[in-house]
Amino acid sequence: MTRIKRGYIARRRRTKIRLFASSFRGAHSRLTRTINQQKIRALVSAHQDRGKQKRYFRRLWITRLNAVIRDYKVYYSYSRFIHNLYKKQLLLNRKILAQIAILNRNCLYMISNEILKEGN
């Protein structure tokens, strides 16, 4: 019986996984089984952290807005500001509001004056 050599498919698969893990340290970038485990773990962490990133950025925007609103006496507090924005149907998201608060304060003053003017 003649000897049958294995094909290149498995080697190609392992090489692809090795390239993914090439920056990992120690056995995590050398041993195939360990590489597989670390790849799964890395992808799970990446998926979880995409959700966390959204959460952290929202917290950052809210903190920035609250700081500017309280410091420059634009409004009493962040929560009242947002509440009145929704009441007046001025639908601006927190990301845009935070950018306006940092880059263009006069615009934020105009928005708050619009809320106060309509409130009275």
Side-chain angles (χ1 to χ4, degrees):
M1 222 169 164
T2 57
R3 176 174 170 249
I4 298 172
K5 291 167 71 176
R6 291 288 305 264
Y8 61 93
I9 308 279
R11 186 168 62 247
R12 194 169 60 185
R13 188 187 72 238
R14 287 190 205 105
T15 307
K16 201 179 346 179
I17 294 170
R18 272 211 175 86
L19 284 171
F20 179 86
S22 61
S23 62
F24 297 175
R25 291 184 62 181
H28 295 175
S29 67
R30 290 190 189 90
L31 305 177
T32 304
R33 282 185 187 172
T34 317
I35 288 173
N36 272 329
Q37 291 168 357
Q38 290 307 308
K39 179 184 177 186
I40 291 168
R41 186 175 178 152
L43 292 174
V44 165
S45 293
H47 181 259
Q48 287 173 344
D49 290 343
R50 279 195 295 276
K52 284 181 188 171
Q53 185 183 35
K54 292 174 182 67
R55 202 178 315 149
Y56 291 152
F57 268 106
R58 184 183 165 96
R59 278 177 61 185
L60 176 69
W61 299 328
I62 290 171
T63 306
R64 283 179 176 171
L65 260 174
N66 197 20
V68 170
I69 287 168
R70 286 172 187 266
D71 261 4
Y72 294 93
K73 308 283 191 276
V74 175
Y75 225 75
Y76 305 115
S77 68
Y78 164 80
S79 59
R80 284 189 183 165
F81 180 70
I82 292 293
H83 173 68
N84 287 326
L85 267 179
Y86 275 95
K87 260 188 4 191
K88 302 300 174 205
Q89 293 181 339
L90 296 170
L91 300 175
L92 292 168
N93 64 16
R94 286 156 182 81
K95 177 183 176 181
I96 300 299
L97 282 171
Q99 285 179 345
I100 290 171
I102 289 172
L103 300 175
N104 191 359
R105 285 222 177 88
N106 292 335
C107 189
L108 190 69
Y109 291 138
M110 287 170 54
I111 292 169
S112 67
N113 289 338
E114 192 69 29
I115 296 169
L116 291 171
K117 184 175 65 180
E118 291 177 11
N120 293 333

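Because only heavy atoms are used, hydrogens play no part in the values below, and waters and symmetry mates are left out as well, while side chains stay in. All residue numbers in this chain count up from 1 along the given sequence.
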Student: Can you tell me how far CZ of R25 sits from CZ of R30, rounded to the nearest 0.5 angstrom?
Tutor: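 R30 atom CZ to R25 atom CZ measures 10.5 Å (nearest 0.5 Å).
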Student: Crowded around R33 CZ? As in, over 12 foreign heavy atoms under 6.0 Å?
Tutor: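 Open: at most 12 neighbouring heavy atoms sit under 6.0 Å from CZ of R33.
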Student: Between S29 and A21, which heavy-atom pair has the shortest distance, and what is it?
Tutor: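 Nearest pair, atom of S29 first, then A21: CB-O, 3.1 Å.
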Student: How long is the straight-line distance from CZ of R14 back to OG1 of T32, given to the nearest 0.5 Å?
Tutor: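 Atom-to-atom, T32:OG1 and R14:CZ are 5.5 Å apart.
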Student: Quick check: do K87 and N84 have side-chain heavy atoms less than 4.5 Å from each other?
Tutor: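 The answer is yes; the side chains approach within 4.5 Å.
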Student: If you round to the nearest 0.5 Å, how far is CG of L65 from CG of L60?
Tutor: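 Taking CG in L60 and CG in L65, the distance rounds to 10.0 Å.
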Student: From R11 CZ over to R13 CZ, what is the distance, rounded to the nearest 0.5 angstrom?
Tutor: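 Output value for this atom pair is 12.0 Å.
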Student: Quick one: list whatever passes salt bridge (charged side-chain N to carboxylate O under 4.0 Å, His left out) with K52, sequence neighbours left out.
Tutor: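 Applying salt bridge (charged side-chain N to carboxylate O under 4.0 Å, His left out) to K52 gives D49.
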Student: With a 4.5 Å cut-off on side-chain heavy-atom distances among I, L, V, M, F, W and Y, is there a chain of contacts connecting F24 to L31?
Tutor: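 F24 and L31: separate clusters.
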Student: Give me the other members of the hydrophobic cluster that I17 sits in, counting Ile, Leu, Val, Met, Phe, Trp and Tyr linked by side-chain heavy atoms under 4.5 Å, directly or via other members.
Tutor: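 Hydrophobic cluster check, I17: joined to I35.
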Student: Would you check if I82 and I62 make a side-chain contact, meaning some heavy-atom pair closer than 4.5 Å?
Tutor: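 No - every pair of side-chain heavy atoms lies 4.5 Å or more apart.
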Student: Kindly list each side-chain donor-acceptor pair under 3.5 angstrom involving residues 89-109, sequence neighbours excluded, with atom names and distances?
Tutor:
unit_1	atom_1	unit_2	atom_2	d
N93	OD1	I96	N	3.0
R94	NE	Y78	OH	2.6
R105	NE	A101	O	3.2

Student: State the OG-CG distance between S112 and L85, to the nearest 0.5 angstrom.
Tutor: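 It is 9.5 Å, given to the nearest 0.5 Å.
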Student: To the closest 0.5 Å, what do you measure between CG (N36) and CZ (F20)?
Tutor: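 If I round to the nearest 0.5 Å, the distance is 10.5 Å.
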